[in-house]
Amino acid sequence: MSAFEYEKDPGWQYLKQSREQMLADQSRPYDSKKNVWVPDAEDGYAAAEITATKGDMITVVTARGNEVTLKKELVQEMNPPKFEKTEDMSNLSFLNDASVLHNLRARYASMLIYTYSGLFCVVINPYKRLPIYTDSVARMFMGKRRTEMPPHLFAVSDQAYRN
């Protein structure tokens, strides 16, 4: 089965995002010296942009437009957009709490419920049925290396069976 044939399967949209969506996600503006994550009472962490630094204090403007001044040690680095909705979080440049939470949240929002973190497969329950447990989807993963296909329980089980 070719990649084009996979895309015809009704479950494929829940396994891998489209090329168009990937390009849109990965083309957002980013400055490695300014874009960061800051603690947020509502969401855990919020995207922010550094506007000033004075000693061990940093002033940022959050994505919601709030200006906040906090200790430098509370700020976490943000990954470049090329890692947006990455399938394997062990590839992240900055593997911190905020980046992991953001990646899982972004993938879940797109109903991409499976994500690898190195050797582990992380699954977030969608609380609804997705067409990703069919015979056709299972056949997609048979005999494939983990890096050839998007994250899925079938990839893990097929690898375990072959080993």
Side-chain angles (χ1 to χ4, degrees), residues 1-32 34-49 62-64 75-163:
M1 213 184 256
S2 71
F4 180 70
E5 290 177 83
Y6 292 155
E7 292 174 13
K8 292 179 183 175
D9 191 283
W12 189 252
Q13 66 178 318
Y14 301 104
L15 300 173
K16 190 154 186 86
Q17 62 180 341
S18 70
R19 286 175 212 54
E20 295 79 21
Q21 184 59 50
M22 214 179 295
L23 285 172
D25 287 344
Q26 295 177 357
S27 63
R28 70 173 163 75
Y30 170 79
D31 183 337
S32 62
K34 289 184 176 183
N35 294 112
V36 294
W37 295 109
V38 295
D40 182 76
E42 200 172 311
D43 291 329
Y45 295 94
E49 190 170 297
T62 67
R64 290 192 196 110
V75 173
Q76 295 188 23
E77 293 169 299
M78 184 182 284
N79 286 285
K82 74 176 188 175
F83 293 110
E84 188 67 17
K85 295 182 191 155
T86 188
E87 292 180 347
D88 189 341
M89 293 185 293
S90 68
N91 295 329
L92 293 172
S93 296
F94 306 114
L95 190 58
N96 52 42
D97 292 348
S99 295
V100 168
L101 180 61
H102 170 73
N103 191 65
L104 292 172
R105 185 180 283 144
R107 286 184 60 81
Y108 181 79
S110 295
M111 280 290 105
L112 300 167
I113 64 168
Y114 285 103
T115 310
Y116 290 128
S117 184
L119 297 174
F120 300 95
C121 184
V122 179
V123 187
I124 300 178
N125 190 342
Y127 297 101
K128 63 180 175 182
R129 291 191 180 277
L130 300 177
I132 58 174
Y133 303 106
T134 62
D135 288 340
S136 64
V137 172
R139 281 193 298 279
M140 288 181 203
F141 288 87
M142 289 176 133
K144 299 282 191 322
R145 286 192 293 281
R146 197 176 97 154
T147 55
E148 292 179 81
M149 295 296 287
H152 196 292
L153 181 63
F154 289 161
V156 176
S157 61
D158 186 67
Q159 185 176 6
Y161 175 75
R162 285 185 284 121
N163 289 339

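Along the sequence shown, residues carry numbers from 1.
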Are the side chains of [Y] and [X] in contact, using a 4.5 Å heavy-atom criterion?
X      : Y      : value
Lys16  : Tyr6   : no
Tyr116 : Ser90  : no
Pro126 : Met111 : yes
Ile113 : Asn125 : no
Val100 : Tyr45  : no
Tyr114 : Val123 : yes

Item to check | Gln21 and Ser110: CA distance, side-chain angles, deciding distance, side-chain contact (heavy atoms from CB on, under 4.5 Å) verdict | outcome: CA-CA 10 Å; Gln21 184 59 50; Ser110 295; 5.6 Å; no
Checklist entry - When you look at Glu84 and Met22, which way does the side-chain contact (heavy atoms from CB on, under 4.5 Å) test go after all the steps? => result CA-CA 8 Å; Glu84 188 67 17; Met22 214 179 295; over 6 Å; no
Return the minimal non-hydrogen interatomic distance between [X] and [Y], and the atom names on each side.
X      : Y      : answer
Leu95  : Leu92  : CD1-CD1, 4.0 Å
Met78  : Ala48  : CE-N, 4.5 Å
Glu77  : Asn96  : O-ND2, 2.9 Å
Asn103 : Met89  : ND2-CG, 3.2 Å
Gln13  : Leu112 : O-CD2, 3.9 Å
Asp158 : Gly143 : OD2-N, 2.9 Å

Checklist entry - Run the side-chain contact (heavy atoms from CB on, under 4.5 Å) check on Val137 and Leu15 step by step: do they pass? => result CA-CA 10 Å; Val137 172; Leu15 300 173; 4.0 Å; yes
Item to check | Side chain Asn35, main chain Asp31, donor-acceptor under 3.5 Å | outcome: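 Looks like yes, one N/O pair under 3.5 Å.
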Item to check | Rounded distance (nearest 0.5 Å) linking atom OG of Ser157 with atom CZ of Arg162 | outcome: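 CZ of Arg162 is found 10.0 Å from OG of Ser157.
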Checklist outcome for this item: Interatomic distance, CH2@Trp37 vs OG@Ser99, rounded to 0.5 Å, equals 6.5 Å
Item to check | Within residues 102-116 or reaching into it, pairs that qualify as salt bridge (charged side-chain N to carboxylate O under 4.0 Å, His left out) - sequence neighbours excluded | outcome: none
Item to check | Pairwise salt bridge (charged side-chain N to carboxylate O under 4.0 Å, His left out) hits with a residue in residues 110-133, at least two apart | outcome: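 Output for this query is empty, none listed.
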Next on the checklist: Please evaluate residues Arg139 and Asp9 with respect to the criterion salt bridge (charged side-chain N to carboxylate O under 4.0 Å, His left out), reporting the C-alpha separation (whole Å), side-chain torsions for both, the decisive distance (0.1 Å), and the verdict.
Outcome noted: CA-CA 11 Å; Arg139 281 193 298 279; Asp9 191 283; over 6 Å; no
Checklist entry - In terms of side-chain heavy atoms, does Thr86 have a donor or acceptor partner in Asn91 at a distance below 3.5 Å? => result no
Checklist entry - What's the verdict on side-chain contact (heavy atoms from CB on, under 4.5 Å) for His102 and Asn79, showing C-alpha distance, side-chain angles and the deciding distance? => result CA-CA 10 Å; His102 170 73; Asn79 286 285; over 6 Å; no
Next on the checklist: Take a 6.0 Å sphere around CE of Met142 and say whether it holds more than 12 heavy atoms from other residues, nucleotides or ligands.
Outcome noted: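 Atom CE in Met142 is not crowded, with 12 or fewer foreign heavy atoms closer than 6.0 Å.
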Next on the checklist: Please check if the number of heavy atoms outside Tyr30 that lie under 6.0 Å from its OH is greater than 12.
Outcome noted: yes
Sequence neighbours left out, cut at 3.5 Å: what donor-acceptor pairs do the side chains of residues 146-155 make with other protein atoms?
unit_1, atom_1, unit_2, atom_2, d
Arg146, NH1, Gly118, O, 2.9
Arg146, NH2, Asp88, OD2, 3.2
Arg146, NH2, Gly118, O, 2.6
Glu148, OE2, Arg145, N, 2.7
His152, ND1, Phe154, N, 2.8
His152, NE2, Ile132, O, 2.8

